[in-house]
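Working notes, structure below.
Residue numbers run from 1 in the order of the sequence given. Predicted model only: the values in this text are computed from it and were never measured.
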Amino acid sequence: IGLIKVLKLILYLIIFGALAGKFLTGSYLWEYEGKWIRLRTYFPPPQRLFTENELARYDGTDPSKPIYLAIDGDVYDVTKGSAYRPGGPYHVLTGVDAARAFGTGCFKTHRIHDLRGLTENEIKGVEHWKRFYENHKNYFKVGKVLHPPIDPASPIVEGCDSKDKSKAGAKKDTAERRALVQNKDIHQDL
């Protein structure tokens, strides 16, 4: 009987908290929109293994297919983001594993998964973006992409601007992408 009373008290507190949230903020969940309130967090879709060629088919050019983006081997469904549709500023990131671009900011020339030669800050940038997609309320992981092994003897990709080894190239590329964005609402979807 004591356990039933405790459960009733918890239920009453939850109901009171939800009603107070609705009254004070207009939302039963106090305007919380994180991933923990979505069923997909607890019941994720079946994970799939993609080859690079299969992943390329999900770049948004076929409206009957979802739009997928890969970062460091993990594939995410970004169909709800308007910036990833054809013509959007981040459409170049779809259908490929562009992990290097997420670290360097060179979204035109670094659309590859090879992370060799990146600085510690650039690696942290890749990790940041992985967490972003992992925790985003509209995007969800659908699988992994299988890459062929990288030959250690192959050359490391140069920076965006080979004349200037500083981040000027990455900044220039980012500025070009920003210039493509005509509607500020696109960034709201990200």
Side-chain angles (χ1 to χ4, degrees), residues 35 40-41 44-62 65-81 83-136 138-181 187 189-190:
K35 74 176 194 173
R40 186 174 288 134
T41 301
Q47 300 293 296
R48 182 176 160 194
L49 187 61
F50 294 88
T51 65
E52 290 178 342
N53 288 335
E54 288 173 333
L55 181 61
R57 295 181 200 143
Y58 296 92
D59 66 350
T61 55
D62 183 351
K65 293 183 180 178
I67 302 172
Y68 292 163
L69 168 145
I71 180 169
D72 199 23
D74 294 330
V75 180
Y76 297 94
D77 185 326
V78 294
T79 307
K80 288 188 178 181
Y84 300 100
R85 296 184 189 129
Y90 299 113
H91 175 69
V92 297
L93 300 173
T94 60
V96 296
D97 186 341
R100 186 176 195 88
F102 282 100
T104 63
C106 302
F107 289 99
K108 289 184 180 179
T109 57
H110 285 185
R111 296 177 56 227
I112 58 173
H113 69 280
D114 185 0
L115 299 178
R116 295 177 302 146
L118 293 184
T119 66
E120 185 177 329
N121 283 338
E122 290 170 335
I123 295 290
K124 286 180 183 177
V126 173
E127 292 169 358
H128 161 77
W129 285 109
K130 279 186 78 164
R131 283 190 308 275
F132 171 81
Y133 288 105
E134 192 174 290
N135 296 317
H136 198 279
N138 291 327
Y139 309 144
F140 55 94
K141 186 175 177 181
V142 293
K144 293 189 101 23
V145 62
L146 181 65
H147 297 293
I150 298 171
D151 180 10
S154 65
I156 295 176
V157 178
E158 293 185 22
C160 294
D161 189 356
S162 60
K163 295 176 186 173
D164 183 9
K165 297 293 183 186
S166 70
K167 291 230 174 201
K171 289 178 183 173
K172 179 182 177 203
D173 185 72
T174 303
E176 289 172 358
R177 283 184 299 104
R178 284 190 187 134
L180 293 173
V181 179
H187 291 292
D189 293 339
L190 298 177

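- Distance check: Asp114 CG to Asp97 CG gives 10.5 Å after rounding to the nearest 0.5 Å.
- When atom types are taken as modelled, the side chain of Glu122 and the backbone of Arg100 share no donor-acceptor pair closer than 3.5 angstrom.
- Across all their heavy atoms, Pro86 and Gly60 have their closest contact at CG-O, 3.2 Å.
- The distance from atom CG of Asn121 to atom NE2 of His128, rounded to the nearest 0.5 Å, is 13.0 Å.
- For the pair Ala101 and Cys106, the tightest heavy-atom approach, listed with the atom from each and the gap, is CB-O, 3.6 Å.
- Side-chain contact between Leu93 and Phe102: present, with at least one pair of heavy atoms (C-beta onward) separated by less than 4.5 Å.
- Checking side-chain atoms of His91 against main-chain N and O of Tyr84 turns up a donor-acceptor pair under 3.5 Å.
- Contact between Arg111 and Val92 at its shortest, heavy atoms only, is NE-O, 2.5 Å.
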Evaluation steps, side chain to side chain contact (heavy atoms under 4.5 Å, CB included), between Val142 and Phe50: CA-CA 10 Å; Val142 293; Phe50 294 88; 4.2 Å; yes
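- Using a 4.5 Å heavy-atom cutoff, the side chains of Arg85 and Ile67 are in contact.
- If you take CD on Glu127 and CG on Asp72, they are separated by 8.5 Å, rounding to the nearest 0.5 Å.
- A 4.5 Å side-chain heavy-atom check between Val78 and His136 finds every atom pair outside the cut-off.
- At least one donor-acceptor pair under 3.5 Å links the side chain of Arg116 to the backbone N or O of Ser154.
- Formation of a donor-acceptor pair under 3.5 Å by the Asp59 side chain with backbone atoms of Thr94 is not found in this model.
- Side chain of Asp77 to backbone of Phe140: no donor-acceptor contact under 3.5 angstrom is found.
- Counting heavy atoms from C-beta outward, Arg57 and Asp62 have side chains that stay 4.5 Å or more apart.
- Here Leu118 contributes atom CG and Glu120 contributes atom CD; the two are 12.0 Å apart, rounded to the nearest 0.5 Å.
- Atoms CD1 and OG1, from Ile112 and Thr104 in turn, are 8.5 Å apart once rounded to the nearest 0.5 Å.
- Closest approach of Arg48 to Tyr58, counting heavy atoms only: NH1-OH, 3.1 Å.
- Side-chain contact check for Lys141 versus Val75: every heavy-atom pair is 4.5 Å or farther apart.
- Lys144 and Asp74 make their closest contact through NZ-OD1, 2.5 Å (heavy atoms, listed as atom of the first residue, atom of the second, distance).
- Here the OH-CG distance, from Tyr133 to Leu69, works out to 4.5 Å after rounding to the nearest 0.5 Å.
- Pairing each heavy atom of Ala99 with each of Val126, the nearest pair is O-CG2, 3.3 Å.
- Within the 4.5 Å cutoff, the side chain of Glu52 has heavy atoms near those of the His147 side chain.
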